[in-house]
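Only one structure is covered here, and it is reproduced in the block below.
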Amino acid sequence: MSDHILWFKQLGMNDVSLVGGKNASLGEMISALYSSGINVPDGFATSSLAFTSFLEANQLDNKIKDKLGDLNITDVKALADTGKMIRQWINDASFSSRFVLEVEDAYRQLQTDNKGLSVAVRSSATAEDLPGLSFAGQQETYLNVRGPDEVVAAVCNCWASLWTTQAISYRHQNGIPSSEVAMAGVTQRMVPSEVSGILFTANPASGERSEMIINASFGLGEAVVSGQVTPDTYVVDRESRFVKETVIGPKEQKIVSDGDQGVRLEDITDDEREASSLSDAMISELTATALAIEKLYDGLPQD
């Protein structure tokens with residue numbers, strides 16, 4: 001491994017500038033949770049150094065800086081056109097053979113016991129997880145990615161998503177110079193989940209610490225995270241782990257793996273729409289796991 005490709009177990013929260021917030025947090029968790037028996041899917045980071053080296057090798061760093069310097073951020077069309085142009089530059093650029101070989105080697109190591117290994121490739125910007133800021137939904141995620149060439153292409157698309165209209169605008173609004181932000185990539189074993197969701201160890205709407213909130217739906221979690229479905233909602237008492245309130249969402253559709261590559265949106269049956277996506281036993285296990293994770297972060301609320 002090089003400083004361009006790093007395994008999660010090599011990373012911690014001191015590495016945000018190198019691998020972004022997602023990778024750093026995964027590294028922290030995977031190191032701490034191995035000993036506690038909680039399962040964290042393994043994976044590797046493509047670092048911000050790989051990203052900046054790619055820009056420099058293709059002479060895109062100054063080209064992007066000059067293009068943004070001339071941009072009127074209040075001109076919506078100009079903003080969209082500029083972002084699209086920069087993303088196209090990145091997608092048209094060339095990778096170094098060294099980087100491609102390192103990604104291929106890491107992917108093959110990850111799939112040693114599963115030759116048809118499916119991975120999730122996600123964006124991990126170095127400005128993520130800063131106090132008072134949320135970059136959720138601004139950069140890309142690719143699910144059910146199979147094959148080393150496909151992983152390289154997905155990483156490139158994640159890099160390009162640093163220049164979506166939303167991302168450029170959000171950085172400007174919060175006084176974050178685009179030249180100071182880099183993009184890393186997350187490549188992680190993908191869980192072929194039948195049910196996915198988000199758990200909050202404190203109620204995000206009220207701030208109530210005695211309540212935990214779970215949003216869950218059938219299929220892969222991207223449908224819940226992106227707001228494509230109205231999920232089931234469970235309000236759980238933190239101490240007893242008893243479900244205080246259940247709201248069954250309509251859950252019209254779910255995201256599932258589309259054969260050997262990518263995902264698709266699929267209609268949910270009428271029976272599933274009316275059914276709870278989580279059993280009491282699942283909720284009990286989830287809340288116990290969440291509290292164990294929260295403890296690792298000094299009792300601070302987690303999602």
Side-chain angles (χ1 to χ4, degrees), residues 8 11-13 15-16 19-33 36 38-41 43 45 120 122-141 143 166-167 170 174 184 186 188 190-191 193 195-239 241-247 249 251 255 276-278 282-303:
F8 292 161
L11 304 172
M13 292 312 295
D15 298 309
V16 172
V19 294
K22 289 190 187 75
N23 280 313
S25 185
L26 282 165
E28 196 81 18
M29 287 178 64
I30 208 165
S31 297
L33 299 184
S36 61
I38 299 173
N39 186 14
V40 181
R122 297 187 288 156
S123 308
S124 184
T126 57
E128 286 179 333
D129 296 339
L130 296 178
L133 298 177
S134 173
F135 289 79
Q138 292 185 23
Q139 281 106 31
E140 294 297 335
T141 292
L143 302 176
Q166 307 97 293
Y170 189 77
N174 288 278
V186 183
Q188 184 176 24
M190 197 182 90
V191 177
S193 53
V195 178
S196 306
I198 310 167
L199 187 152
F200 302 88
T201 61
N203 190 321
S206 66
E208 179 57 58
R209 292 297 307 274
S210 66
E211 293 178 345
M212 305 173 75
I213 304 293
I214 304 173
N215 297 133
S217 189
F218 297 108
L220 302 176
E222 189 65 16
V224 177
V225 174
S226 65
Q228 287 179 270
V229 300
T230 302
D232 297 332
T233 298
Y234 307 88
V235 181
V236 184
D237 179 79
R238 182 184 177 92
E239 292 301 320
R241 305 215 305 273
F242 176 77
V243 180
K244 298 167 59 176
E245 182 181 357
T246 299
V247 178
K251 307 184 296 291
I255 293 177
S276 173
S277 56
L278 294 175
M282 290 175 178
I283 291 171
S284 179
E285 183 178 356
L286 282 168
T287 52
T289 301
L291 290 171
I293 292 171
E294 184 189 76
K295 189 175 180 180
L296 293 172
Y297 291 90
D298 300 321
L300 294 173
Q302 301 294 311
D303 62 68

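Every heavy atom of this structure was used, including side-chain atoms; hydrogens, water molecules and symmetry mates were not.
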Which atom pair, heavy atoms only, marks the closest approach of [X] to [Y]?
X: Val186; Y: Lys22; answer: CG2-CB, 4.0 Å
X: Thr201; Y: Pro301; answer: OG1-CA, 3.3 Å
X: Ser196; Y: Val224; answer: O-CG2, 4.1 Å
X: Ile30; Y: Pro41; answer: CD1-O, 4.0 Å
X: Glu211; Y: Ser206; answer: OE1-OG, 4.5 Å
X: Val19; Y: Ala184; answer: O-CB, 3.2 Å

Test item: [X] and [Y] side chains (from C-beta on) under 4.5 Å apart, heavy atoms:
X: Gln302; Y: Leu296; answer: no
X: Asp15; Y: Asn23; answer: no
X: Met212; Y: Leu286; answer: no
X: Arg122; Y: Leu26; answer: yes
X: Leu143; Y: Met190; answer: yes

Quick check: does any side chain N or O of Ser123 sit under 3.5 Å from a backbone N or O of Glu140, one acting as donor and the other as acceptor?
->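 Side chain of Ser123 to backbone of Glu140, a donor-acceptor pair under 3.5 Å: yes, one is there.
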
Could you tell me whether the side chain of Thr287 and the main chain of Ser284 form a donor-acceptor pair under 3.5 Å?
->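 Judged by distance alone, yes, a pair lies under 3.5 Å.
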
Quick one: side chain to side chain contact (heavy atoms under 4.5 Å, CB included) partners of [X], sequence neighbours excluded?
X: Phe242; answer: Ser240
X: Ala216; answer: Val195, Ile214, Tyr234, Ser277, Leu278
X: Glu285; answer: Thr289

Can you sort out the partners of Arg241 under salt bridge (charged side-chain N to carboxylate O under 4.0 Å, His left out), two or more places apart, ordered by chain and number?
->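 Listed in chain order: nothing, the list is empty.
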
What residues form a salt bridge (charged side-chain N to carboxylate O under 4.0 Å, His left out) with Lys295, not counting sequence neighbours?
->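 Expected list: none.
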
Does anything in residues 212-222 pair up under side chain to side chain donor-acceptor pair (under 3.5 Å), and if so which pairs, sequence neighbours excluded?
->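 Of all non-adjacent pairs touching residues 212-222, those that pass side chain to side chain donor-acceptor pair (under 3.5 Å) are Asn215-Thr233.
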
Which distance, rounded to the nearest 0.5 Å, do you find between the CD1 of Ile213 and the NZ of Lys244?
->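 Answer rounded to 0.5 Å: 8.5 Å.
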
Residue pair Val243, Val235: steps toward the side-chain contact (heavy atoms from CB on, under 4.5 Å) verdict = CA-CA 6 Å; Val243 180; Val235 181; over 6 Å; no

Residues in side chain to side chain donor-acceptor pair (under 3.5 Å) contact with [X], at least two apart in sequence or another chain:
X: Ser210; answer: Glu208
X: Glu28; answer: none
X: Gln228; answer: Ser226

Could you give me the CA-CA distance, side-chain angles and deciding distance for Asp232 and Thr246, then say whether side-chain contact (heavy atoms from CB on, under 4.5 Å) is met?
-> CA-CA 7 Å; Asp232 297 332; Thr246 299; 5.8 Å; no

